[in-house]
Amino acid sequence: MFCCLRTVRRLCLDKILLHCILQSRTLSVADAINALRPFYFAVHPDFFGQHPKEREVNENSLKRLNGYLENLQKPGFRSFKPTQLTFYVREREPNSSNVQESFSASGFRAVSFTLHTRDLLSTVLDILNSCSLSTEHVQSLNGNCQPHKEAKSTVNRPIKWDKTYYSFTGFKDPEEELEQAQRVETTLLSWLEDNAASAVKKLKKSLPLRKELERLKIELSHELQLSDIRWQRSWGIAHRCSQLHSLGRLVQQRPEILENVKGRTVVFTDRSGMSAAGHIMLGTMDVHHHWTKIFERLPNYYKLQKRLLLLEDRISQLLGGIQVIYIEELQPLLTLEEYFETLNSFYNKLRDSRLPFHPRSLRGLQMILESDRYAPSLHELGHFMIPTICDPAALQWFIFAKAQEARENLKRKEEMMLTEKELINISTERFSLDRLYKEPSVSSAQMIDCCKRLLEESLPYLQGTHLCISHFYSVLQDGDLCIPWNWKN
């Protein structure tokens, strides 16, 4: 018995010592934010304005990272779940060996890592190391917050608690918990069990604002005779209502400048102007003065748009009738002026090369122009992705070689879109969803696969929810449930 008491006493002293060590390694919230500045700079969504997929991934991952950090800061926080995150990093740097890394088509570095630590300092270090960012400033910061020299000398001392301590006290072994968490991957059912209730609570709280948003959207669309009102980014409902109220005030103050918007689509985004797709862009950070200028310039934008359409037709004639298109979901967000310059440069290059395409030989095919590619390729949806700097001779050979495959892909695309729409309707009815939708970066093939597998499950937690098919698990601030398209059973 005395031996057992001595063992417990020794283990308790070890626990006290470890607590002192962890206290010496604790960062304040302000210190953590300051230490993560290089990381925020490397992944901030505002730097990915022309790359919608990368921007969307980083936005979602930052939301989940902030939730993880908030939990670490809560007093008495004990339980945790490992969180896997993926970020696109702006600069290409040497990669650490324990991080999954790949490159997107736009050249950004994709970094995936799992957070599973219990204190801010370890979490900050994990994030910086995973993105191959320097940690020297964190180490010096950690040195400044150590209150005792005695603790400083033992920070690196490995602590291994005896298993009998956990059996005797009933406390959970953190090492065992971590090993189990790493072995067990998040499943859809377990995640819904833990998060569906909070999502429903947030959704109910947001319902009055959702009704207000729908009312404002209908009223403004009717008053201005707009085709649609959209948002480029996933802002919250309150933020969207605020933007519509701002537009409503401008309508009241300057109704004469809004006479030329009939039949157009208004998109709230990060900058003002007209998009390559012909939509009116209103920058959410701009004041009424900037919006007013955009509306006043609409007649000039419309003239430029006519020149752009003529330029697309000329390119089409030079390439055997292939249609030049712009796909918002897949291409960078370009202004009308930027897209016109891209088309004009490509047209001049084609005209000088005089490629021998037979007239109308490629009718029914489609192509998009991309400035960040170096070699032509064929998308799974059937359109050609052509670099603006592509060699004309290489372009001719590639189009001829892939023409039949492109036609087959376009046919499958039509069938796929019909299947996707049908499965969305069936899934919405089967699970009694209020809404089922996907993020733009989720392809039709991924959405179809996700819905088919959902329909094989019994998921009562989904009833009455807004379900978004994404790349990650998350609960949005207004109660939408986001699940990855490739969720695990």
Side-chain angles (χ1 to χ4, degrees), residues 52-53 56-57 59-61 63-64 67 81-86 112 181 183-207 210 214 230-231 234 237 327-330 379-383 408-489:
K53 176 187 175 183
E56 187 178 348
V57 169
E59 281 183 341
N60 288 330
S61 292
K63 289 177 184 177
R64 299 175 67 233
K81 291 186 178 179
T83 301
Q84 185 173 17
L85 301 174
T86 297
S112 297
R183 286 195 302 266
V184 179
E185 193 170 7
T186 301
T187 63
L188 176 62
L189 188 59
S190 65
W191 188 83
L192 288 175
E193 286 177 350
D194 293 338
N195 294 277
S198 65
V200 170
K201 185 177 180 181
K202 289 181 178 180
L203 181 62
K204 288 181 179 179
K205 187 177 179 182
S206 72
L207 288 179
R210 289 180 185 271
E214 189 63 22
R230 303 178 191 169
W231 284 264
S234 54
I237 304 297
I327 305 176
E328 290 180 89
E329 294 81 5
L330 300 178
H379 195 275
E380 61 179 4
L381 296 181
H383 58 267
E408 293 171 359
N409 287 1
L410 282 171
K411 186 178 180 180
R412 279 199 299 270
K413 172 188 173 183
E414 295 177 3
E415 297 171 353
M416 199 179 298
M417 292 181 71
L418 289 174
T419 302
E420 179 185 13
K421 185 176 180 180
E422 182 181 359
L423 284 172
I424 288 175
N425 292 335
I426 294 174
S427 300
T428 301
E429 184 177 352
R430 164 76 181 278
F431 298 112
S432 302
L433 298 169
D434 275 5
R435 186 187 179 201
L436 174 59
Y437 64 104
K438 67 175 184 177
E439 291 183 345
S441 57
V442 176
S443 68
S444 293
Q446 292 169 339
M447 186 67 171
I448 289 171
D449 177 67
C450 177
C451 289
K452 283 182 176 179
R453 293 191 299 118
L454 282 175
L455 289 169
E456 295 174 357
E457 303 293 326
S458 176
L459 302 169
Y461 300 103
L462 293 179
Q463 184 174 352
T465 61
H466 288 210
L467 184 63
C468 173
I469 308 304
S470 175
H471 296 279
F472 309 99
Y473 286 107
S474 64
V475 178
L476 301 184
Q477 65 186 62
D478 294 304
D480 290 41
L481 276 171
C482 296
I483 65 171
W485 68 269
N486 57 343
W487 51 269
K488 304 299 179 184
N489 193 342

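None of the values given here were measured: they were computed from a predicted structure. Each residue takes its place number in the sequence, starting with 1.
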Legend entry - W487 and R453, any side-chain heavy atoms less than 4.5 Å apart: yes
Inset, instruction - Would you please name every residue forming a side-chain hydrogen bond (donor to acceptor under 3.5 Å, both in side chains) with E457, sequence neighbours left out? - result: N489
Inset, instruction - Please round to the nearest 0.5 Å and tell me the distance separating atom CG of L381 and atom CE of M417. - result: 8.5 Å
Legend entry - Sub-4.5 Å side-chain heavy-atom contact between E328 and R230: yes
Legend entry - Gap separating the CD atom of Q446 from the OG atom of S470, nearest 0.5 angstrom: 10.5 Å
Inset, instruction - Would you confirm whether D449, through its side chain, and A445, through its main-chain N or O, come within 3.5 Å as a donor-acceptor pair? - result: no
Legend entry - Any E439 side-chain heavy atom under 4.5 Å of C468 side chain: yes
Legend entry - Short side-chain donor-acceptor distance under 3.5 Å, Y437 and D480: yes
Inset, instruction - Could you tell me whether the side chain of C482 reaches within less than 4.5 Å of the side chain of V475, counting heavy atoms only? - result: no
Inset, instruction - For the pair R210 and L203, evaluate side chain to side chain contact (heavy atoms under 4.5 Å, CB included) and give the outcome as yes or no after the intermediate values. - result: CA-CA 9 Å; R210 289 180 185 271; L203 181 62; 3.5 Å; yes
Inset, instruction - Kindly indicate whether the side chain of L188, heavy atoms from C-beta on, has any atom under 4.5 Å from the side chain of L454. - result: yes
Legend entry - Interatomic distance, S443 atom OG to M416 atom CE [nearest 0.5 angstrom]: 7.5 Å
Legend entry - Salt bridge flag under 4.0 Å for residues E380 and K413: no
Legend entry - Spacing of L410 atom CG and H383 atom NE2 [to the nearest 0.5 Å]: 9.0 Å
Inset, instruction - Walk me through it: do F472 and L85 pass the test side chain to side chain contact (heavy atoms under 4.5 Å, CB included)? - result: CA-CA 8 Å; F472 309 99; L85 301 174; 6.0 Å; no
Legend entry - Any H379 side-chain heavy atom under 4.5 Å of L330 side chain: yes
Legend entry - From I426 atom CD1 to K452 atom NZ, the distance as rounded to the nearest 0.5 Å: 10.5 Å
Legend entry - Rounded distance [0.5 Å steps], CH2 in W485 versus SG in C451: 12.5 Å
Inset, instruction - For the pair S206 (side chain) and D478 (backbone), establish whether a donor and an acceptor sit closer than 3.5 Å, ignoring hydrogens and angles. - result: yes
Inset, instruction - State, yes or no, whether a side-chain contact exists between L436 and I469 at a heavy-atom distance under 4.5 Å. - result: yes
Inset, instruction - Check whether any side-chain heavy atom of S444 lies under 4.5 Å from a side-chain heavy atom of K438, and answer yes or no. - result: yes
Legend entry - Check: R435 side chain, L467 main-chain N or O, donor-acceptor pair, under 3.5 Å: no
Legend entry - side chain to side chain contact (heavy atoms under 4.5 Å, CB included) assessment of Y461 paired with L459: CA-CA 5 Å; Y461 300 103; L459 302 169; 5.7 Å; no
Legend entry - Modelled atom types, side-chain donor and acceptor of T86 and H471, under 3.5 Å: no
Inset, instruction - Determine, step by step, whether H466 and L481 satisfy the side chain to side chain contact (heavy atoms under 4.5 Å, CB included) criterion, reporting the C-alpha distance in whole Å, the side-chain angles of both residues, the deciding distance to 0.1 Å, and the verdict. - result: CA-CA 6 Å; H466 288 210; L481 276 171; over 6 Å; no
Inset, instruction - Verify the neighbour count for atom CD of E193: are there more than 12 heavy atoms of other residues, nucleotides or ligands below 6.0 Å? - result: yes
